[in-house]
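A short write-up of the structure that comes next.
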Amino acid sequence: MPNTRAFLRDLWTLTRPYWFSDERWQARGLLTVIVGLNLGIVYINVRLNLWQNDFYNALQDKDMAVFYQLLLQFSLLAAAFIVSAVYQLYLNQMLQIRWRRWLTEHYLEAWIGSRTYYRMQLTDRGTDNPDQRIAEDLAMFVDRTLNLTLGLLSAVVTLASFITILWTLSGTLEFALGGSTVIVQGYMVWVALLYAVVGTWLTHRIGHPLIGLNFNQQKFEANFRFSLVRFRENTESIAIYGGEADEMRGLRRRFLDVFNNWWKIMRRQKQLTWFRSGYGQVAIIFPYVVAAPRYFSGAIQLGGLMQTASAFGQVQEALSWFVSAYVSLAEWKATVDRLTGFRAATERVRTSAQAPGIVIENTGAELAVRKMKLDLPDGKPLLAPFDADIHPGETVLVTGPSGSGKSTLFRALAGIWPFGGGRLVRPAAKLLFLPQKPYLTIGTLREQLCYPVAAAVFSDDTFRAVLADCGLARLAAQLDEEQHWAQILSPGEQQRIAFARAYLHRPQWLFLDEATSSLDEAGEAHLYRLLREKLPGTTVVSIGHRPTLSQFHERKMRIEREGNVGTLVLA
């Protein structure tokens with residue numbers, strides 16, 4: 001029971017926001033119509049059950065006139081059923097996609113907003129494949145939640161509608177027990193209830209492991225798919241290393257997880273299918289066996305027998321909803337657990353982001369660092385507390401041995417490194433940060449050049465000019481080509497694209513982390529001279545290790561390593 005209460009609480013936490021959002025009235029209206037159609041289908045089934053009595057009696061009595069009247073009545077009921085079923089499905093799908101769109105938007109905001117995605121990568125390795133949870137788990141959650149809820153509602157209404165009919169049709173069962181006569185009113189209702197209770201209990205006993213197995217299957221499938229994507233995105237590096245054999249080992253290992261877990265699901269579902277198939281087949285003939293004594297005694301006609309069997313089937317099916325829906329319930333439970341875990345992880349990260357750390361202010365005229373220290377994600381110190389000031393218009397070079405914390409300092413100045421303490425006052429001006437490996441989207445070349453703003457901000461002539469300045473004039477004719485540019489351009493060309501962005505955006509402060517490491521010295525010198533020419537008033541802070549960078553910077557800072565902790569020395 002505690003686990004059930006916890007699950008229902010998690011389910012309500014996932015479900016409630018949409019139904020109380022700004023779309024609540026459209027959502028509730030759609031749901032009301034869908035429920036109405038569901039109830040209409042149940043009503044039609046009740047009418048068809050009553051129709052069966054008259055129809056089979058007409059056949060038994062060889063009454064042709066009544067037979068044709070009942071055929072017309074069936075046609076009208078069948079038409080109503082078809083219309084209700086079609087629009088019930090159509091509106092259900094409409095509600096699904098609206099709900100999924102809303103959830104996707106909010107989960108993307110929770111993941112991407114406040115740079116939660118970056119912090120999760122650093123601190124919450126247990127939350128695997130957030131992309132899969134947003135892309136697939138949300139879709140499955142919406143589908144299963146709506147269909148299972150409507151299925152349960154339909155089962156409850158069907159049970160309420162048919163149980164009275166079955167009770168009336170059942171009559172009484174009399175049998176001797178210990179010298180006394182026992183009379184059971186509505187005995188077929190009790191038989192259906194006992195049949196369903198036993199079936200439900202056995203189904204849960206057999207199928208319960210499917211919940212954990214489905215959870216793991218979604219995880220293993222996502223891991224395998226992600227490995228394939230990583231392979232596709234790094235084909236050149238793999239080819240150069242000749243790493244195909246190692247990649248194959250890794251892919252086989254991840255698919256082996258998929259394979260082995262799938263076999264476990266297969267074996268468990270085989271056991272469950274054995275039981276469910278037998279349960280379903282027995283349910284077909286069972287009501288006739290139970291009702292046959294009354295028919296052969298003459299208490300009911302053929303129509304009464306068929307109506308009784310139909311009503312019993314409806315009651316038994318409603319009571320056995322859990323049996324029929326168990327596989328879907330297991331998948332749904334696994335999906336709810338994954339989404340709940342993802343939601344909890346984003347909440348933890350956002351809460352930790354509010355904890356004391358580096359205090360960042362964007363109010364100054366210059367960059368001022370006061371007692372700022374940097375730590376690793378595990379809490380170990382990386383850079384000892386230091387003070388520093390950089391004034392507008394200066395050019396500053398930060399150097400140091402590999403692993404001393406240069407790139408971490410770059411992340412801290414960018415405001416994305418959450419581990420450490422102290423105070424950072426950044427200028428209230430336009431800042432641009434260029435990492436060592438530029439980020440290129442899958443899109444047109446003009447979109448790469450102006451990222452992250454819209455391409456319409458700049459003219460074609462501006463794009464062509466900046467490409468020529470950066471030594472990429474040959475690409476001017478490809479501005480509107482949509483490509484995977486990170487795979488097409490060399491590392492040096494990608495870094496030239498990053499400088500082109502700087503020339504286009506014209507920041508007042510420019511921070512570069514090994515931004516020319518893939519270029520030769522001549523290319524590096526050209527781009528830095530162009531910086532002084534194109535952006536004469538821009539403050540430039542470079543992080544690098546090449547001695548050739550010194551000539552382009554007026555001030556120097558160096559990180560020196562003392563044991564495991566670095567110290568920033570101002571020159």
Side-chain angles (χ1 to χ4, degrees), residues 114-126 345 348-364 366-391 394-427 431-437 509-518 539-550 552-571:
S114 303
R115 295 197 174 101
T116 303
Y117 64 95
Y118 180 71
R119 292 172 179 265
M120 282 180 67
Q121 179 180 318
L122 296 173
T123 62
D124 200 327
R125 302 298 176 86
R348 281 196 304 272
V349 169
R350 282 191 288 183
T351 301
S352 67
Q354 299 170 2
I358 302 172
V359 178
I360 301 176
E361 301 174 17
N362 297 300
T363 57
E366 59 184 30
L367 188 144
V369 178
R370 297 293 178 266
K371 304 298 181 186
M372 189 170 80
K373 69 184 185 73
L374 301 181
D375 298 331
L376 295 172
D378 60 6
K380 293 179 181 178
L382 177 66
L383 199 59
F386 66 94
D387 294 339
D389 293 282
I390 300 177
H391 306 289
E394 288 188 322
T395 54
V396 180
L397 175 64
V398 181
T399 61
S402 296
S404 60
K406 301 189 301 297
S407 292
T408 304
L409 174 61
F410 175 81
R411 298 182 188 110
L413 295 177
I416 66 172
W417 189 254
F419 312 108
R423 183 164 167 260
L424 170 64
V425 180
R426 302 194 306 182
L431 312 180
L432 182 63
F433 293 81
L434 301 185
Q436 181 176 3
K437 182 175 175 55
W509 289 68
L510 179 62
F511 299 80
L512 306 101
D513 179 25
E514 304 277 7
T516 56
S517 59
S518 297
T539 307
V540 177
V541 179
S542 297
I543 293 174
H545 61 276
R546 277 184 177 175
T548 51
L549 288 173
S550 297
F552 305 110
H553 299 84
E554 302 162 353
R555 290 182 57 195
K556 311 290 188 301
M557 298 181 184
R558 178 173 176 79
I559 297 178
E560 295 183 351
R561 200 76 172 171
E562 297 179 3
N564 293 324
V565 183
T567 302
L568 185 68
V569 179
L570 307 180

(request) Over all heavy atoms of both residues, which pair between L376 and W417 is shortest? Give the atoms and the distance, please. (result) CA-CZ2, 4.4 Å
(message) Between V540 and F552, does the side chain to side chain contact (heavy atoms under 4.5 Å, CB included) criterion hold? Intermediate values first, please.
(response) CA-CA 10 Å; V540 177; F552 305 110; over 6 Å; no
(message) Using every non-hydrogen atom in the two residues, find where A515 and L434 come nearest and quote the distance to one decimal.
(response) CB-O, 4.2 Å
(request) Please report the shortest heavy-atom distance between H391 and E394, naming the atom on each side. (result) N-OE1, 2.9 Å
(request) Name all residues meeting the side-chain hydrogen bond (donor to acceptor under 3.5 Å, both in side chains) criterion together with S517; count only those two or more places apart in sequence or in a different chain, and write none if there are none. (result) Q436, Q495
(request) May I ask you to test the K556-S550 pair for a side-chain heavy-atom distance under 4.5 Å? (result) yes
(request) Nearest 0.5 Å please: distance from the CZ atom of F419 over to the NZ atom of K380. (result) 14.0 Å
(message) Could you report the tightest heavy-atom contact between M557 and A388, atom names first, then the distance?
(response) CE-CB, 4.2 Å
(request) Calculate, to the nearest 0.5 Å, the distance between atoms CG and CG belonging to L568 and D387 respectively. (result) 10.0 Å
(message) Salt bridge or not between D389 and R370? Use side-chain N to carboxylate O under 4.0 Å.
(response) yes
(message) Counting C-beta onward and ignoring hydrogens, is there a side-chain heavy-atom pair between L413 and F433 closer than 4.5 Å?
(response) yes
(request) Give, for atom CG of L397 and atom CD of E554, the distance between the pair rounded to the nearest 0.5 Å. (result) 12.0 Å
(request) Measure the shortest side-chain to side-chain distance between L409 and F386 over non-hydrogen atoms and say whether it is less than 4.5 angstrom. (result) yes
(message) Can you pull out every salt bridge (charged side-chain N to carboxylate O under 4.0 Å, His left out) where at least one residue sits in residues 400-413? Sequence neighbours excluded, please.
(response) none
(request) First locate atom CD1 of I543, then atom CG of L549, and finally report the distance between them rounded to the nearest 0.5 Å. (result) 11.5 Å
(message) Testing the basics here: between V565 and L383, what is the closest heavy-atom pair and its distance to 0.1 Å?
(response) CG1-C, 4.1 Å
(request) Nearest 0.5 Å please: distance from the CG atom of L382 over to the OG atom of S404. (result) 8.0 Å
(request) Scan L432, L367, V396, T539 and name whichever one has a side-chain contact (heavy atoms from CB on, under 4.5 Å) with F511. (result) L367
(request) For S402, check side chain to side chain contact (heavy atoms under 4.5 Å, CB included) against everything at least two apart and list the hits. (result) none
(message) Tell me if a side-chain donor or acceptor on T399 pairs with a main-chain N or O of R558 at a distance below 3.5 Å.
(response) no
